[in-house]
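What follows is one structure encoded as structure tokens, with my remarks underneath.
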Amino acid sequence: MPVSPRAAERTVVADDFLAAGFAARAAVAAGRLLLDLRMQHEDGLAPGGVKMAQLGRTWSGLLLRNRIRARYPRDGVLTGPADRPPHALRRRRVWLVEPLDSAEEYRADGDPHWSVQLALWERERGVVAAAVAVPALCEVVCTADRDAGWRRPSPVPRQRPRVVVDTRAPAAFARTVVRQTGAELVPMGSPGAKTLAVVQGDADAYIHTMGAWEWGDEALFRVAGAAGLRVTRLDAPPQGRGPADPARPAPVAVICRPALTRTLLTAFARHGVRPAVAVPAARAHPAPPAR
């Protein structure tokens with residue numbers, strides 16, 4: 001029996017919704033495992049430092065991969081940061097796994113700003129579902145939250161907006177831009193934790209330095225876009241002798257509340273850093289096949 005275009009579109013929407021829910025539950029389970037390992041270290045039953053982070057990343061990755069293979073046995077799995085794109089696996093769908101984002105924060109006593117990320121990439125559509133969990137704060141967000149009717153709390157009114165940046169290597173011009181806009185600078189560790197801080201209203205913007213694994217960044221952007229935030233990619237100006245010069249700043253993306261977008265982009269423009277492309281809030285669903 002032929003399927004109507006509307007029914008086919010509803011099926012695609014439902015598949016994305018279920019995949020996002022699965023990603024959220026799996027990320028929470030991996031986060032619990034990481035928290036248990038941390039507690040065992042505090043009780044003297046497990047190693048600490050670098051070894052604890054390595055064990056945590058390994059065990060968390062195994063848990064996520066086993067859950068994916070049990071639920072979606074035909075899908076591929078790629079653990080980041082990877083040196084190959086998802087389409088290299090020659091699968092229609094590939095799960096992108098970040099079992100422990102920011103090992104430095106994880107192995108630091110009392111630092112909650114590390115995360116677990118899981119996303120689903122689909123050929124010809126890109127990232128269609130994603131989830132980010134910050135286990136130490138008991139928080140998780142995914143691309144299905146808004147469709148499920150979940151409403152994030154309104155941000156607390158502040159005299160100065162709060163802008164989170166990377167603790168160790170802030171994006172080019174980030175500190176200058178924050179100072180020029182009169183905002184409060186908030187250093188934080190994991191990119192997932194920083195994105196979630198803006199989604200939950202604990203911060204108003206996040207100036208993100210894009211990494212070598214673009215698909216990990218894409219997962220964060222989709223989660224932010226689904227929460228109603230504005231995501232804008234910026235091109236940093238070349239420094240040194242040319243684009244291949246290692247001194248050239250990494251590309252930057254700004255994740256922020258819509259009301260703050262123009263202020264931040266204007267401040268970046270004063271340094272010659274202009275938008276490259278704005279990421280849409282939601283991925284358009286593909287047209288159903290002709291029958």
Side-chain angles (χ1 to χ4, degrees), residues 19-35 37-38 50 52-69 71-72 75-86 88-89 93-108 111-122 126-137 139-143 164 166-169 188-199 206 208-226 231 250 253 255:
F22 166 80
R25 293 190 299 274
V28 168
R32 288 174 179 166
L33 185 152
L34 290 165
L35 286 174
L37 179 60
R38 218 182 190 192
V50 176
M52 180 181 69
Q54 291 173 344
L55 277 175
R57 183 176 179 82
T58 299
W59 291 354
S60 174
L62 284 172
L63 184 150
L64 292 171
R65 288 193 294 273
N66 287 339
R67 288 203 169 206
I68 293 168
R69 285 165 181 162
R71 178 70 180 271
Y72 301 103
D75 293 356
V77 180
L78 195 61
T79 302
D83 57 358
R84 54 179 176 167
L89 296 186
R93 306 196 329 166
V94 177
W95 287 91
L96 311 173
V97 177
E98 181 52 73
L100 176 56
D101 183 18
S102 195
E104 291 82 359
E105 276 68 31
Y106 177 68
R107 66 177 187 246
D111 195 329
H113 299 126
W114 47 275
S115 64
V116 178
Q117 301 167 26
L118 187 60
L120 175 62
W121 173 91
E122 189 171 303
V127 174
V128 297
V132 178
V134 181
L137 298 178
E139 294 180 342
V140 60
V141 294
C142 74
T143 50
V164 289
D166 189 75
T167 304
R168 287 170 292 278
M188 195 177 290
S190 160
K194 291 192 283 282
T195 301
L196 192 140
V198 183
V199 171
Y206 165 31
H208 171 67
T209 303
M210 298 176 65
W213 197 42
E214 63 175 301
W215 297 106
D217 293 334
E218 190 73 14
L220 296 178
F221 298 161
R222 291 303 164 198
V223 167
V231 183
I255 300 175

Determine all donor-acceptor pairs shorter than 3.5 Å in which one atom belongs to a side chain in residues 60-69; sequence neighbours excluded.
residue	atom	partner	partner atom	Å
Ser60	OG	Pro99	O	2.9
Arg65	NH1	Thr79	OG1	3.2
Asn66	ND2	Leu62	O	3.2

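Under the 4.5 Å side-chain criterion, counting only non-hydrogen atoms from C-beta, Val97 is in contact with Val77.
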Leu120 vs Leu96, test: side chain to side chain contact (heavy atoms under 4.5 Å, CB included). Steps then yes/no. CA-CA 6 Å; Leu120 175 62; Leu96 311 173; over 6 Å; no

Could you go through Trp59 and Leu100, starting from their C-alpha distance and side-chain angles, then the distance that decides it, and tell me whether this counts as side chain to side chain contact (heavy atoms under 4.5 Å, CB included)? CA-CA 10 Å; Trp59 291 354; Leu100 176 56; over 6 Å; no

Side chain to side chain contact (heavy atoms under 4.5 Å, CB included) between Arg71 and Arg25, worked out: CA-CA 12 Å; Arg71 178 70 180 271; Arg25 293 190 299 274; 3.6 Å; yes

Given side chain to side chain contact (heavy atoms under 4.5 Å, CB included), test His113 with Val134 step by step and report yes or no. CA-CA 7 Å; His113 299 126; Val134 181; 5.5 Å; no

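The line from CH2 of Trp114 to CG of Leu137 is 9.0 Å long, rounded to the nearest 0.5 Å. Rounding to the nearest 0.5 Å places CZ of Arg93 at 14.0 Å from CG of Leu89. The line from CD of Gln117 to SG of Cys142 is 13.5 Å long, rounded to the nearest 0.5 Å. Expressed to the nearest 0.5 Å, how far CD1 of Ile255 lies from CG of Leu196 amounts to 11.0 Å. If you take CE on Met52 and CG on Leu34, they are separated by 9.5 Å, rounding to the nearest 0.5 Å. The distance from atom OG1 of Thr167 to atom CE of Met188, rounded to the nearest 0.5 Å, is 8.0 Å.
Of all heavy-atom pairs between Ala30 and Val116, the closest is CB-CG1, 4.1 Å. When every heavy atom of Ala103 is checked against every heavy atom of Ala53, the shortest pair comes out as CB-CB, 3.8 Å. Pro135 and Ala133 get closest at one heavy-atom pair: CD-O, 3.4 Å. Summarising the geometry of Ala26 relative to Leu118, their closest heavy-atom pair is CB-CD2, 3.8 Å, with the distance given to 0.1 Å. Counting all heavy atoms, side chain and backbone alike, Val231 lies closest to Ala224 at CG2-CB, 3.9 Å. Across every non-hydrogen atom of Ala131 and Val223, the tightest pair is N-CG2, 4.1 Å.
At distances below 3.5 Å, not a single donor-acceptor pair connects side-chain atoms of Lys194 with backbone N or O atoms of His208. Under a 3.5 Å cut-off, the side chain of Tyr206 and the backbone N or O of Ala193 do not form any donor-acceptor pair. No donor-acceptor pair closer than 3.5 Å links the side chain of Thr195 to the backbone N or O of Leu220. Side-chain atoms of Thr143 never come within 3.5 Å of backbone atoms of Ala129 as a donor-acceptor pair (strictly under, hydrogens ignored).
A salt bridge (Lys or Arg N to Asp or Glu O under 4.0 Å) check over residues 52-63, counting only residues at least two apart or in different chains, returns the pairs Arg57-Glu98.
Residues meeting the ring pair (Phe, Tyr, Trp, His ring centres under 6.0 Å) test with Trp95, sequence neighbours left out: Phe22, Tyr72.
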